[in-house]
Amino acid sequence: MTRIETRTRVVFLQHPREAGVAIGTARMAHLCLPRSELFVGVDWQGARALERIFADPERPPAVLYPGEGAIDVMAHPPAHPITLVVIDGTWAQARKIASLNPALRALPRYAFVPPRPSAYRIRAEPDERYVSTIEALSYVLGALEGDPARFGALLRPFEAMVEAQVGFASTVRAPRR
């Protein structure tokens with residue numbers, strides 16, 4: 001894994017069920033981004049660590065989550081560094097975290113349309129426009145920091161993991177357990 005320094009502060013809010021998933025990508029991204037923070041839970045109301053992070057005037061928070069009112073971060077990146085809050089989990093889990101936390105709903109929301117379909121062939125996405133957490137970060141950090149090529153390094157361990165899993169699956173003929 002390549003460690004990549006960023007101006008953007010990245011905070012992961014990971015659903016507890018996703019935390020133990022071996023093929024999850026938020027943990028991988030967190031390990032590549034040395035100053036990122038990873039929190040596991042569902043209800044963040046009153047969480048002092050997040051209150052402190054959200055109160056940082058040097059890097060105001062915004063959440064990476066699609067939906068009504070979301071700003072296309074590729075077309076309109078902010079002019080200043082931000083704290084990017086990334087909700088991690090299945091789409092149903094992420095929707096639950098987003099809906100349960102008024103502080104997250106109050107933040108500016110960023111979204112984007114990926115330039116290509118997800119390479120996450122070992123997990124099904126509900127829509128071809130959906131990508132894994134690490135893929136989303138690669139695209140979004142590239143836009144936020146004006147250097148998409150530098151954040152392509154985030155995808156190397158992800159691609160290796162996917163290839164290893166696909167290779168293993170092709171050798172196993174037993175039913176999935």
Roughly how far, to the nearest 0.5 Å, is [atom2] of [Y] from [atom1] of [X]?
{"X": "L84", "Y": "F12", "atom1": "CG", "atom2": "CZ", "value": "8.5 Å"}
{"X": "L64", "Y": "Y139", "atom1": "CG", "atom2": "OH", "value": "13.0 Å"}
{"X": "R3", "Y": "L154", "atom1": "CZ", "atom2": "CG", "value": "12.0 Å"}

Applying side chain to side chain donor-acceptor pair (under 3.5 Å), name anything that partners [X], two or more places apart in sequence or on another chain.
{"X": "H15", "result": "none"}
{"X": "T83", "result": "none"}
{"X": "T8", "result": "E145"}

Residues which pass side-chain contact (heavy atoms from CB on, under 4.5 Å) with [X], listed by chain and number, not counting sequence neighbours:
{"X": "H76", "value": "I71"}
{"X": "A143", "value": "M74"}
{"X": "R156", "value": "T2, A153"}
{"X": "P148", "value": "none"}

- Of N101, T133, I97, the residue whose pairing with I87 passes side chain to side chain contact (heavy atoms under 4.5 Å, CB included): I97

- With L155 as reference, evaluate S132, C32, S138 under the side chain to side chain contact (heavy atoms under 4.5 Å, CB included) test and give the passing residue. S138

- Message: So for atom CZ, which belongs to R109, do other residues, nucleotides or ligands contribute more than 12 heavy atoms lying within a distance under 6.0 Å?
- Response: yes

- Which residue pairs satisfy the salt bridge (Lys or Arg N to Asp or Glu O under 4.0 Å) criterion with at least one member in residues 31-46, sequence neighbours excluded? E5-R35, R9-E37, E37-R52

- Task: Output every pair passing salt bridge (Lys or Arg N to Asp or Glu O under 4.0 Å) with a member in residues 64-89, not counting sequence neighbours, ordered by first then second residue.
- Result: none

- Task: Could you walk me through whether L33 and L137 pass side chain to side chain contact (heavy atoms under 4.5 Å, CB included), step by step?
- Result: CA-CA 10 Å; L33 302 171; L137 273 171; 4.3 Å; yes

Using side-chain heavy atoms (C-beta onward) and a distance below 4.5 Å, is [X] in contact with [Y]?
{"X": "L104", "Y": "L13", "result": "yes"}
{"X": "V11", "Y": "F39", "result": "yes"}
{"X": "L107", "Y": "F54", "result": "yes"}
{"X": "V85", "Y": "I53", "result": "no"}

Which heavy atom in [X] sits nearest to a heavy atom in [Y], and how many Å separate them?
{"X": "P81", "Y": "R7", "result": "CB-O, 4.0 Å"}
{"X": "P108", "Y": "P61", "result": "CD-O, 3.5 Å"}
{"X": "G46", "Y": "E51", "result": "CA-OE2, 3.5 Å"}
{"X": "Y110", "Y": "A70", "result": "C-CB, 4.3 Å"}
{"X": "R105", "Y": "A98", "result": "CG-O, 3.3 Å"}
{"X": "Q93", "Y": "T90", "result": "OE1-N, 2.9 Å"}

- In terms of the angle between their ring planes, are W91 and Y65 parallel, tilted or perpendicular, with boundaries placed at 30° and 60°? tilted

